[in-house]
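What follows is one structure encoded as structure tokens, with my remarks underneath.
Just so you know, residue 1 is the first one in the sequence shown, and it goes up from there. Remember, it's 1-based here, ligands and their atoms both numbered in the order they're listed. Only this structure's heavy atoms are used, side chains among them; waters, hydrogens and symmetry mates stay out.
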Amino acid sequence: MSEFDLIRACFTDVGPCRSDVGLGVGDDCALLEVPAGQSLAVSMDTLVAGTHFFSDCDPSAVGYKSLAVGLSDLAAMGADPAWSTLALTLPRVDSDWVREFATGYSRLSKPYGMRLVGGDTTCGPLSVTVQVHGFVPPSAAVRRGGARVGDLVCVSGTLGDAGLALRHLLAGEAVDPSLRRRLEYPTPRVELGRRLRGLATAMIDISDGLAADLGHILDASRVAAEIDLMKLPLSPPVADAVSESSDWGLPLASGDDYELCFCLPAERLMQVKDFAASLGCSVAQIGVIRAGSGLTCRLPGGDIWPLAQVGYDHFLQ
Ligand code: ADP
Ligand code: MG
């Protein structure tokens, strides 16, 4: 058995068995059945050591997060997770690293019922690519382009936690464990996304910061939005950091939140808040969709926060 055979062995039984997997890891291809009447929702993300995670990061966190970012894309489409494939590039075979990586990957595969059905293992600079596959009835998929003038703009959870953790890590400072968890073990909002089918008019997951990702909804929907910065949902450490520095760039423009940003008609807000609460996830209404283009962020007192300060020229109007 070669070392790479050993690595493959770590990935032969990841996630629960599923009746729609005719053939999983071990042959030239996996054989998979998409349920009748459903679209296959597919998304792929790559995490590169030194860019998306620290090379000495806990391998179980790398395994967990590499799947979490894909699950977050399925959530943002309103899709049910089903299968994943995994391309792993490693500078050398370190079986302890691979075993821990697989533990983190499995830890997230199980609760979402996701089966790892194949992949590739190669030698090179450390990087991880995960493709996720889910199901959604074609008419129920929540796209980016459906926001309408008058819709409310909402976000789940809190913003800027991962960004603050990263800022502390880069500065060599101690990091609050709850913030560090948000950076390394983000919770994809899969059930919330699924329940927003037929309710949200547009949705995206926040991976590059609220300003950039809401910007994608505005572009795709050909509308503008005004958000009220006082309504941004912030954890106490992020609220403190913002009040000390007045740097709204932290919740608006730091990445890795993996929360959902969505639009919906006002009369649906209570219903959505209720079922979100039953899922243990908060939902905050932060603004409204307007006619026009671009994003306006209102400070308390009514002044406009200059988004250009956080480097998003895209929003210069
Ligand atoms: P091939 O040469 O036909 O591409 P491989 O030797 O790359 O076959 O892979 C053999 C089997 O192991 C395939 O079923 C493949 O999907 C699976 N596999 C390889 N690497 C991984 C991985 N990192 N995760 C999951 N499955 C993997
Ligand atoms: Mg191969």
Side-chain angles (χ1 to χ4, degrees), residues 1-35 38-75 77 79-135 184-188 190 207 256 258:
M1 206 190 215
S2 78
E3 285 164 316
F4 277 115
D5 287 337
L6 203 121
I7 291 168
R8 283 184 205 107
C10 287
F11 297 110
T12 49
D13 188 22
V14 174
C17 293
R18 296 177 58 105
S19 59
D20 50 21
V21 179
L23 193 57
V25 168
D27 213 308
D28 296 312
C29 294
L31 298 173
L32 309 165
E33 299 287 332
V34 179
Q38 304 263 341
S39 282
L40 184 62
V42 178
S43 173
M44 180 185 276
D45 285 282
T46 296
L47 303 186
V48 177
T51 303
H52 301 97
F53 61 93
F54 294 104
S55 302
D56 61 354
C57 182
D58 175 1
S60 119
V62 179
Y64 183 102
K65 189 164 175 176
S66 65
L67 184 58
V69 300
L71 278 163
S72 182
D73 282 323
L74 292 178
M77 214 67 199
D80 285 319
W83 315 309
S84 70
T85 51
L86 165 66
L88 205 50
T89 302
L90 303 166
R92 65 188 174 286
V93 177
D94 175 344
S95 29
D96 287 342
W97 194 95
V98 173
R99 229 171 267 127
E100 277 186 59
F101 175 94
T103 304
Y105 198 95
S106 300
R107 196 176 124 197
L108 197 58
S109 297
K110 277 184 200 137
Y112 293 99
M114 274 207 129
R115 181 72 172 175
L116 177 63
V117 295
D120 200 19
T121 307
T122 50
C123 192
L126 180 59
S127 93
V128 183
T129 297
V130 173
Q131 185 163 45
V132 292
H133 310 76
F135 307 139
E184 295 183 338
Y185 295 94
T187 303
V190 173
S207 52
D256 278 355
Y258 300 108

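Using modelled atom types and a 3.5 Å distance limit, the side chains of Ser60 and Thr103 yield no donor-acceptor pair.
Taking distance alone, with nitrogen or oxygen atoms compared against 3.5 Å, Gly24 stays at or beyond that limit from ligand 1. Between Leu116 and ligand 1, no N or O atom pair is found at a separation short of 3.5 Å.
Atoms of ligand 1 lying under 4.0 Å from any heavy atom of Gly26, numbered from 1 in the order shown and given with element: 11 (C), 13 (C), 14 (O). Near Asp28, meaning under 4.0 Å from any of its heavy atoms, are these atoms of ligand 1: 3 (O). Atoms of ligand 1 found under 4.0 Å from any heavy atom of Thr121 (numbered from 1 in listed order, with element): 19 (C), 20 (N), 21 (C), 22 (C), 23 (N).
Looking at Asp27 against ligand 1, only its backbone comes within 4.0 Å, counting heavy atoms.
The closest side-chain heavy-atom distance from Tyr112 to Leu74 is not below 4.5 Å. Residues Ser84 and Val117 fail the side-chain proximity criterion, which asks for heavy atoms closer than 4.5 Å. Contact of the Phe11 side chain with the Thr121 side chain is not registered, since no non-hydrogen atoms from C-beta on lie closer than 4.5 Å.
Counting only non-hydrogen atoms, the option in Thr122, Asp120, Val130 that gets closest to atom 21 (C) of ligand 1 is Asp120.
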For Tyr64 and Asp58, run side-chain hydrogen bond (donor to acceptor under 3.5 Å, both in side chains): C-alpha distance rounded to whole Å, both residues' side-chain angles, the deciding distance at 0.1 Å, then the answer.
CA-CA 10 Å; Tyr64 183 102; Asp58 175 1; over 6 Å; no
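With salt bridges taken as basic N to acidic carboxylate O contacts below 4.0 Å, none links Arg115 and Asp20.
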